[in-house]
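Since the structure comes first, as structure tokens, the remarks are kept for the end.
A note on names: the letters A, B, ... follow the listed sequences, proteins ahead of strands, and every chain is numbered from 1. Keep in mind that what you see is a predicted model, and the values were worked out from it rather than measured.
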Number of protein chains: 2
Amino acid sequence: MEQAIHPNISVDCVIFGYDFEKLNVLLVERTLLDESSGKVVFSDLTLAGNHVFVNEDLKDAAHRILFDLTGIKDLYLEQLGAFGDPERLSGHNDQLWLNYLGYKPEDRVITVGFYALLNCEQVKIVLKDRTVKWYPLTEIGQLAYDHNRILEAALHDLRIKIRTAHLAFELLPEKFTLSQLQKLMEVVLGKTLDKRNFRKRLLKLKSLVQLDEKQKGVAHKPGYLYAFSKEKYDLYDDQDTFSVIM
Amino acid sequence: MEQAIHPNISVDCVIFGYDFEKLNVLLVERTLLDESSGKVVFSDLTLAGNHVFVNEDLKDAAHRILFDLTGIKDLYLEQLGAFGDPERLSGHNDQLWLNYLGYKPEDRVITVGFYALLNCEQVKIVLKDRTVKWYPLTEIGQLAYDHNRILEAALHDLRIKIRTAHLAFELLPEKFTLSQLQKLMEVVLGKTLDKRNFRKRLLKLKSLVQLDEKQKGVAHKPGYLYAFSKEKYDLYDDQDTFSVIM
DNA sequence: GCAAAAGTGTTTCCGGTACACCCATGG
DNA sequence: CCATGGGTGTACCGGAAACACTTTTGC
């Protein structure tokens, strides 16, 4: 019975993936076929989500969903809060879909939103399922259920927290150049930053360590690689933040 | 059936009340009496909370709980997130209490935390129930369930948000002096602030308007009263924040 | 040798901070 | 007339912002 699913509580994950160019979100295709004709009734996209197990912690459920979909453990996860509008599943397509899956469409389900951060190149997702794909953030249209609301909340939170915390490093590979870090900030915050000022500020951070290693295979002067040191971050604690990387 | 309670989803509210001296939290006494002897089995404190109705929005549930307990509508409410540790109700006293109330103690309940802000003098709470009282934040010990965790999260969030948003005004009456506002900030942030610098910054805020009215009945030079203008705040939007009232 | 990004210092300006005295009221 | 908090201005300092040229690599 440990694995019995809870009918009223689900978890939805906004999975952000950075590819050195733009922010992407991993979405799942939801296509309903007419049983007799085999024609497509509708086809749209959802966040990665599922019901929790009866005795499962919410964060564990989120990790499980991420693992099932992507084969990755230990991603950075942040809780966004609960989404409990009684009408959140009452869209026409949503009702058809829930019925198709064998849920009672009239059941109340509250969902807990999370977001995960990863780097698309480093964390190669094994897409077990052809219906799961990366979508550039800027090209995401209407999603199923209340998932646009959850996505919006995730993005809002990410934009605030990336200024002052170590979230940025979760979106980069272990080793990265300062320019890559700067580009990431520019993409997330939606504005360009001055290179020299950016570097001045960043080089003050004790938790950012320069490696004895340079970029390779680039058609220009190779940059030094850097890494984030969680140990030093914990050590220097609150002094050592991005504070005002506007 | 509209009023049927949902067995698995509850809402808990951290109700902060400011009394011009300190921050208080409204707590509910929970006393279990032995049925035969009438002796006290245990007695402790909980946040204001209850299960949600089957078709009730989470925020509506929080407002209802606040209203039932205090007779107040339209308090400022902020969601903190969901608390879903499977063990959150498994304390010894918690199990006794749930059993006494007629719940199945083994049922999984996830709770959504909120916090509310009010001014103790202005918003005179009609304490319908003698077991509900204000407790100074600094004197709160161990609470029932996982309520210390929820309180901690609420306080953390309040301390962050009060620096940059209009939360402070929710803890004051409609008209207040700058000194009262400063005192509030000092209490919440836990540090003293320089009077002149504080006023310089505050007087820049377009959403803070001086009234043609002074303090009365004080044994010193009376101060001007001020009010927060939601309209101007919305108008000037993001420029007009407390930004760095450290 | 050319394209492309890496890397580097200085000046300016604004905002934060520190700090001390006179004023109006109630008792 | 005294106690109490209200109200005000200035000088200094540090950090943010603006800004342009040289270097190293792959092709």
Between A:Ser179 and C:dA5, does any side-chain N or O lie under 4.0 Å from OP1 or OP2?
no
With the sugar-phosphate defined as primed atoms, P, OP1 and OP2, and the base as all remaining atoms, what B/S/- string results for nucleotides 18-27 of chain D, 5' to 3', for protein heavy atoms under 4.0 Å?
BBB--BBBS-
Nearest-Å distance, CD (A:Glu21) to P (C:dA5)?
11 Å
Quickly work out the B:Gln215 CD to D:dG7 C1' distance and round it to whole Å.
12 Å
Enumerate the protein-to-nucleotides 12-15 of chain C contacts in which both atoms are nitrogen or oxygen and the separation is below 3.5 Å.
none

note: A:Leu178, atom CG; C:dA6, atom C1'; distance rounded to Å ~ 10 Å
Check step by step if side chain to side chain contact (heavy atoms under 4.5 Å, CB included) holds for B:Leu26 and B:Val132.
CA-CA 7 Å; B:Leu26 201 68; B:Val132 179; 3.6 Å; yes
Could you tell me the separation between the CG atom of B:Leu193 and the P atom of C:dC19, rounded to a whole number of Å?
15 Å
List in chain and number order the residues that pass side-chain hydrogen bond (donor to acceptor under 3.5 Å, both in side chains) with B:Glu121, two or more places apart in sequence or in another chain; answer none if no residue qualifies.
none
I'd like to check the ring pair (Phe, Tyr, Trp, His ring centres under 6.0 Å) partners of A:Tyr145; sequence neighbours left out, ordered by chain and number.
A:His147
What residues, two or more places apart in sequence or in another chain, satisfy ring pair (Phe, Tyr, Trp, His ring centres under 6.0 Å) together with B:Phe83?
none
Residues passing the side-chain hydrogen bond (donor to acceptor under 3.5 Å, both in side chains) test with B:Thr177, sequence neighbours excluded, are none
What nucleotide among C:dG7, D:dA17, D:dG7 has an atom nearest to a side-chain atom of B:Tyr224?
D:dG7
Mind calculating the distance between CZ (A:Phe20) and P (C:dA4) to the nearest angstrom?
20 Å
d(CD, B:Gln210; C1', D:dG6) in whole Å:
12 Å
Can you tell me which residue pairs pass the salt bridge (charged side-chain N to carboxylate O under 4.0 Å, His left out) test with a partner in residues 212-227 of chain A, sequence neighbours excluded?
A:Lys175-A:Glu213
Sequence neighbours excluded, every pair satisfying side-chain hydrogen bond (donor to acceptor under 3.5 Å, both in side chains) that has a member inside residues 66-80 of chain A:
A:Tyr76-A:Glu78, A:Glu78-A:Lys161
For B:Asp194, which residues count as a side-chain hydrogen bond (donor to acceptor under 3.5 Å, both in side chains) partner, sequence neighbours excluded?
B:Asn197
Distance check needed: C:dT8 P versus A:Gln182 CD, whole Å only.
14 Å
Measure from OH on B:Tyr226 to P on D:dG7 and round the result to the nearest Å.
6 Å
Minimum side-chain heavy-atom gap A:Leu189-A:Arg163 below 4.5 Å:
yes
